[in-house]
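Okay, so here's the structure we're looking at.
Atom set for the values below is all heavy atoms of this structure, side chains included, hydrogens, waters and symmetry mates excluded.
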2 protein chains.
Amino acid sequence: MTTIREDRNVKRTAAAIPAEPGSDREEQTLSAVAYRRLRQDIVSGVFAPGQPLRLELLRQRYGLSFSPLREALNRLHAERLVVAAALRGFSVAPVSADEMWDATETRILIESEALRRSIANGDDAWEARIVAAFHALELQARRTRSNAASDDDVWQLEARHREFHHALIANCRSPRLLGLADQLHAETQRYRLPSLTGGSRAAIRDIAGEHREIMEAALGRAPAEAVTLLAAHYRRTAEERAAALFSD
Amino acid sequence: MTTIREDRNVKRTAAAIPAEPGSDREEQTLSAVAYRRLRQDIVSGVFAPGQPLRLELLRQRYGLSFSPLREALNRLHAERLVVAAALRGFSVAPVSADEMWDATETRILIESEALRRSIANGDDAWEARIVAAFHALELQARRTRSNAASDDDVWQLEARHREFHHALIANCRSPRLLGLADQLHAETQRYRLPSLTGGSRAAIRDIAGEHREIMEAALGRAPAEAVTLLAAHYRRTAEERAAALFSD
DNA sequence: AAAGGTCTTTCTTTCGAAAATCCATCCTGC
DNA sequence: GCAGGATGGATTTTCGAAAGAAAGACCTTT
């Protein structure tokens with residue numbers, strides 16, 4: 001009891017300070033905390049696909065009350081990461097080959113268009129961001145592959161990968177396309193294979209090379225080629241995952 | 001004692017009846033009621049764009065408590081129909097020419113792909129549904145135009161229009177594309193002009209003719225042509241609305 | 001022993017109030 | 001006169017409990 005009140009007072013005070021730029025800003029509401037943490041835990045597989053998300057369990061895990069949890073679950077439901085059955089609560093959305101391919105092809109549709117527009121609007125800052133993201137991704141990939149990769153290394157690699165793909169389409173000037181790309185990224189991310197993250201199969205595919213080709217086509221203002229390469233990149237990833245997860 | 005048992009038994013029995021098909025099924029939860037009604041009221045302009053959605057107001061209007069209202073608002077937030085500011089509540093998403101065009105072009109992207117796939121997968125039932133929807137739309141359009149159109153006529157016309165466009169893409173076999181099409185339909189519907197619904201400008205454009213051409217291209221298995229016509233149809237509508245609403 | 005119905009348990013959903021926050025207004029001190 | 005801070009009312013957000021529904025346990029009856 002006391003601990004809770006103390007905690008909350010601390011947060012209040014912190015929230016009153018107007019968010020120093022550059023620093024990790026304090027979350028504004030508990031609903032936002034619940035949303036962020038739940039999304040992360042679903043995408044990263046802490047909760048298995050199909051698993052019922054019992055409110056009492058979540059309440060204990062996150063130390064929150066029902067209201068913010070239900071709000072977060074409703075948002076995730078709209079994003080297709082959880083399914084809801086009336087009067088029977090929420091579950092993690094199930095996975096299947098069909099769902100994975102639907103998410104993958106929809107992602108290709110969205111990001112292809114976003115990439116075309118991003119190239120058309122491309123400027124110096126856009127190019128610089130892509131080059132920087134590619135470089136950071138390569139460094140982190142090497143770091144993750146070489147020595148025994150820590151969990152943080154794997155997490156960093158995913159963040160760099162996300163940033164690289166986001167940088168490519170960042171100049172498309174469509175808030176909807178960017179939002180959908182983010183959402184579909186989260187959905188496809190659920191099919192990521194733990195065994196492959198730094199494993200042997202990765203060597204078969206020259207992922208870094210694929211990234212480089214996409215980047216060069218984008219910077220060279222060759223939209224058709226860039227889109228073809230990007231689609232192939234995503235389809236290869238999906239095929240790899242389908243083969244391992246659904247044993248086609 | 002007895003009363004309690006009776007009450008519970010009565011409700012059990014009612015709930016146990018498995019929702020007679022065709023009849024208006026009882027809404028399962030109050031959250032679902034709140035979602036449906038709020039969405040309708042936002043799309044149809046009962047709440048003006050930008051207007052704050054005060055919870056107390058909504059509570060009185062719908063006779064619901066905070067919890068189901070907040071859940072509905074969160075879902076609508078994910079659909080971009082309402083915007084949320086932390087600790088300052090929800091507002092109806094504002095409208096602008098930029099937003100309208102983003103919604104329109106995104107809708108064209110989604111529905112074009114869905115239409116291509118729908119044509120590729122098309123079967124007899126799909127064709128029949130399109131023809132039936134087109135016919136029903138024409139009848140209702142005539143009914144709405146001829147005599148003094150009642151509010152119900154206008155509402156019916158919108159429903160027929162929605163069903164026609166939905167029938168075209170219904171066979172695409174992608175739950176995501178269908179869901180996004182529905183969502184983007186709601187967003188673009190907000191820019192509908194009351195003055196034009198049965199008004200004079202409608203005569204300038206041969207909307208029924210555009211619909212017929214799209215249908216014929218689809219039934220004739222000419223995906224490229226169908227997609228071109230559909231995109232032109234949506235762009236013309238958007239141009240009309242931009243001219244009237246944002247006085248370009 | 002099986003079928004059918006009733007009770008118990010578990011869980012979701014809803015409610016109303018309490019806590020926390022924002023915003024506008026007013027007051028104080030310079 | 002005005003900047004700056006306190007104050008009050010309106011509003012959102014959160015909480016914990018009560019109500020409602022589903023699933024399984026249990027008991028009766030045949």
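Nucleotide D:dT14 holds its C1' atom 17 Å from the CG atom of A:L58, rounded to whole Å. B:E56 places its CD atom 12 Å from the P atom of C:dA17, with the value rounded to the nearest Å. Here C:dA19 presents its C1' atom at 12 Å from CG of B:L87, a figure rounded to the nearest Å. Going from atom CZ of A:F66 over to atom C1' of D:dA17 covers 9 Å, rounded to whole Å. Distance, A:L73 CG to C:dC11 C1': 14 Å, rounded to whole Å. For B:L69 and C:dT14, the CG to P distance is 10 Å, given to the nearest whole Å. Atoms CZ (B:R59) and C1' (D:dA10) sit 14 Å apart, rounded to a whole Å. Atoms CG (B:N74) and P (D:dT14) sit 10 Å apart, rounded to a whole Å.
Using a 4.0 Å cut-off, no side-chain N or O of A:S31 falls inside it from OP1 or OP2 of D:dT13. For D:dT12, neither phosphate oxygen OP1 nor OP2 lies less than 4.0 angstrom from any side-chain nitrogen or oxygen of B:R70.
Using a cutoff of 4.0 Å between basic side-chain nitrogens and carboxylate oxygens, A:R176 and B:D102 are scored as salt-bridged. Ion pairing of A:R117 with A:E113 is present here, as a side-chain N (NZ or NE/NH1/NH2) and a carboxylate O approach within less than 4.0 Å.
Residues A:A86 and B:G89 both approach DNA chain D. Their nearest nucleotides, taken by heavy-atom distance, put B:G89 toward the 5′ side. Between A:R88 and A:S65, the residue anchored nearer the 5' end of DNA chain D, judged by the nucleotide with its closest heavy atom, is A:S65.
Within 6.0 Å of CZ in A:R173 there are 12 or fewer heavy atoms belonging to other residues, nucleotides or ligands.
Counting any heavy atom pair closer than 4.0 Å across all strands shown, B:L55 reaches a base atom. Counting any heavy atom pair closer than 4.0 Å across all strands shown, B:A85 reaches sugar-phosphate atoms only and no base atom. Counting any heavy atom pair closer than 4.0 Å across all strands shown, B:L30 reaches sugar-phosphate atoms only and no base atom. Within the 4.0 angstrom heavy-atom criterion, base atoms lie near B:S67.
Geometrically, A:R37 does not engage A:Y62 in a cation-pi contact defined by less than 6.0 Å to the ring centre and at most 45° from the axis. The side-chain tip of B:R241 does not point at the ring of B:Y191 from less than 6.0 angstrom away and within 45° of straight on.
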